[in-house]
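Below you'll find the structure, written out as structure tokens, and then a few comments.
Below, all heavy atoms of this structure are taken into account, side chains as well, without hydrogens, waters or symmetry copies. One-based numbering along the sequence shown.
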Amino acid sequence: NPIPVYPINMSQPLTYPVGTSPDPVYCVGLHPAEGWESENGNIATRDIDGNSDIMLAEQIMGKWDSPLATQQYKHLLTWLDLEMRATSAEAIEQWGKVKKVSVISPNSKVQIQFSKSADANGNIGNSTISYIGSEKVLVALDDDSGVELDFAYKNAGSLLCAPAKSYKLH
């Protein structure tokens, strides 16, 4: 009988081929498990929403006689932790309470193209990670009551977005 292998969401068991089958099993880890779109199983695409940490565990290969190894996940987004403070009394008076802080992410989606083949030793190449789509406004702070501006640093929210050299506040 085949050995069941369960994905993280435990929705359906997967199995290794039985016996000495030359056919390998390929496994890739995507987090979160939901929200991915796929083209023919070779490309996975997911929207960047500012709140979800998108991660990838590179594709690995296993067979009945050489099981899958442990996968290591890597983060695909940049975490921005925003702080604010006033530099003058005039700024405090002019700004009052800050109710919303948002950042423009340079891209709106993460796209992963998986390696399609293995070398002679069975090693699979790394996936190609791309950040695609137009700019997207991601909200870090949205508080109707507002956060009082002060001379001390205050939390202005945090979010996850596509990597970039610089970001624009919106």
Side-chain angles (χ1 to χ4, degrees), residues 1-83 101-141 155-170:
N1 288 339
I3 297 174
V5 179
Y6 292 91
I8 291 174
N9 64 10
M10 303 293 272
S11 63
Q12 69 183 66
L14 305 173
T15 57
Y16 280 119
V18 180
T20 59
S21 170
D23 298 329
V25 173
Y26 296 90
C27 180
V28 65
L30 298 173
H31 175 81
E34 301 82 26
W36 292 90
E37 297 173 15
S38 181
E39 298 176 23
N40 302 325
N42 293 325
I43 296 175
T45 305
R46 190 174 198 291
D47 286 333
I48 298 171
D49 63 15
N51 298 312
S52 302
D53 191 7
I54 300 175
M55 296 187 286
L56 165 70
E58 285 289 358
Q59 184 172 245
I60 56 174
M61 181 182 73
K63 295 182 181 182
W64 180 259
D65 58 351
S66 57
L68 295 169
T70 302
Q71 290 175 292
Q72 296 290 322
Y73 280 85
K74 62 181 174 183
H75 299 273
L76 301 182
L77 300 179
T78 298
W79 178 39
L80 299 180
D81 191 14
L82 305 171
E83 294 182 330
V101 176
S102 54
V103 172
I104 299 174
S105 177
N107 302 100
S108 59
K109 296 177 183 280
V110 172
Q111 185 174 68
I112 304 167
Q113 182 169 355
F114 305 109
S115 180
K116 295 180 183 178
S117 60
D119 64 19
N121 297 322
N123 298 316
I124 302 170
N126 287 337
S127 302
T128 302
I129 300 164
S130 303
Y131 299 91
I132 62 171
S134 58
E135 290 182 342
K136 185 174 186 177
V137 176
L138 301 173
V139 177
L141 174 71
N155 184 339
S158 61
L159 53 83
L160 293 148
C161 56
K165 291 181 182 178
S166 63
Y167 297 93
K168 295 184 270 185
L169 290 175
H170 179 259

Tell me, do [X] and [Y] make a side-chain contact under 4.5 Å, heavy atoms counted?
X: Leu138; Y: Leu80; answer: no
X: Asn107; Y: Lys109; answer: no
X: Tyr131; Y: Pro106; answer: no

When rounded to the nearest 0.5 angstrom, what is the spacing between [atom1] in [X] and [atom2] in [Y]?
X: Ile104; Y: Ser134; atom1: CD1; atom2: OG; value: 11.0 Å
X: Arg46; Y: Ser38; atom1: CZ; atom2: OG; value: 14.0 Å
X: Gln113; Y: Ile129; atom1: CD; atom2: CD1; value: 11.5 Å
X: Ser108; Y: Ile132; atom1: OG; atom2: CD1; value: 7.0 Å
X: Lys136; Y: His170; atom1: NZ; atom2: NE2; value: 13.5 Å

Please give me the minimum heavy-atom distance between Cys161 and Tyr167, naming the atom from each residue.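 The answer is SG-CE2, 3.3 Å.
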side-chain contact (heavy atoms from CB on, under 4.5 Å), paired with Trp36, selected from Thr45, Ile112, Asp47: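 One option only clears the test, and that one is Ile112.
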side-chain contact (heavy atoms from CB on, under 4.5 Å) partners for Ile60, two or more places apart: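 So Ile60 forms a side-chain contact (heavy atoms from CB on, under 4.5 Å) with Cys27, Leu68, Gln71.
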How would you list, by chain and number, every residue that makes a salt bridge (Lys or Arg N to Asp or Glu O under 4.0 Å) with Glu83, sequence neighbours excluded?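 Residues passing salt bridge (Lys or Arg N to Asp or Glu O under 4.0 Å) with Glu83: none at all.
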Donor-acceptor pairs are to be reported for all side-chain atoms of residues 48-58 against protein atoms at under 3.5 Å, with residues two or more places apart or in another chain.
residue: Asp49; atom: OD1; partner: Asn51; partner atom: N; Å: 2.7
residue: Asp49; atom: OD1; partner: Ser52; partner atom: N; Å: 2.7
residue: Asp49; atom: OD1; partner: Ser52; partner atom: OG; Å: 3.4
residue: Asp49; atom: OD2; partner: Ser52; partner atom: OG; Å: 2.8
residue: Asp53; atom: OD1; partner: His75; partner atom: ND1; Å: 3.2
residue: Asp53; atom: OD2; partner: His75; partner atom: ND1; Å: 2.8
residue: Glu58; atom: OE1; partner: Ser127; partner atom: N; Å: 3.0
residue: Glu58; atom: OE1; partner: Ser127; partner atom: OG; Å: 2.8
residue: Glu58; atom: OE2; partner: Ser127; partner atom: N; Å: 3.4

For the pair Leu159 and Val103, evaluate side-chain contact (heavy atoms from CB on, under 4.5 Å) and give the outcome as yes or no after the intermediate values. CA-CA 9 Å; Leu159 53 83; Val103 172; 4.2 Å; yes
